[in-house]
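Below is one structure, written out as structure tokens, with a few remarks after it.
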Amino acid sequence: MKESETLDINLLGKEYQVACVPRERESLLEAVAYLGQRFEEMGKKTRASNETLAVMTALNVAHEFLQLLHGRGFDLPTLKRRIGHMQMRIEAVLAQQEKLF
């Protein structure tokens, strides 16, 4: 089992502790920065607040993702690997959160 570290992040003004393996720390921080930027952009366009803003942003990111998925020359095996890594990260975060309560 890979050793993980806890990383403190802030999204929509709320603090979260997430677990990640050290070698993926930078990419996770990049994802947090990207998502934060998308929240900010969507918030300016819609004036929506936290939960609605998160759902609207997720819908837009998913739509962009699906456009890429169905686009020409898209590397599906790489995408599947990345989704697997994301799933492992989510499971690690959820396991870490369960320990807090």
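All of these numbers come straight from a predicted model, not from anything done at the bench. Keep in mind that the numbers below use all heavy atoms, side chains included, and drop hydrogens, waters and symmetry copies.
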Problem - Distance in Å, T57 OG1 paired with L12 CG, rounded so as to fall on 0.5 Å steps - result: 7.5 Å
Fill in the blank from the handout: Heavy-atom closest pair (E3 atom, P22 atom, distance to 0.1 Å) is O-CD, 3.3 Å
Problem - Heavy-atom check, side chain of V32 versus side chain of Y16, under 4.5 Å - result: no
Practice task
Treating Ile, Leu, Val, Met, Phe, Trp and Tyr as nodes and any side-chain heavy-atom pair under 4.5 angstrom as an edge, say whether L59 and L66 lie in one connected cluster.
Solution key: no
Exercise for the section: Identify whether L53 and L11 are in the same connected component of the hydrophobic contact network (ILVMFWY, side-chain heavy atoms under 4.5 Å). Expected result: yes
Handout entry: Any side-chain heavy-atom pair of S27 and R82 under 4.5 Å
Key = no
Practice task
Give, for atom NE2 of H85 and atom CD of E24, the distance between the pair rounded to the nearest 0.5 Å.
Solution key: 6.5 Å
Practice task
Can you measure from CD (Q96) to OG1 (T6) and round to the nearest 0.5 angstrom?
Solution key: 4.0 Å
Problem - Beyond-backbone contact of E64 with R38, side-chain heavy atoms, under 4.5 angstrom - result: yes
Practice task
Might you point out which heavy atoms bring S4 and A19 nearest each other, and give the distance in Å?
Solution key: OG-CB, 4.1 Å
Exercise for the section: Determine, using the 4.5 Å side-chain heavy-atom cutoff (strictly less than), whether L94 and I9 are members of one ILVMFWY cluster. Expected result: no
Handout entry: Presence of salt bridge, E41 and K45, under 4.0 angstrom
Key = no
Problem - pair R81-T78: side-chain heavy atoms closer than 4.5 Å - result: yes
Exercise for the section: Give a yes or no on whether L29 and Y34 share a hydrophobic cluster (residues Ile, Leu, Val, Met, Phe, Trp, Tyr; joining criterion: side-chain heavy atoms under 4.5 Å apart). Expected result: no
Handout entry: Validation row: L7, R25 side chains within 4.5 angstrom (heavy atoms)
Key = yes
Practice task
Answer yes or no: does atom CD of E15 have more than 12 heavy-atom neighbours from other residues, nucleotides or ligands under 6.0 Å?
Solution key: yes
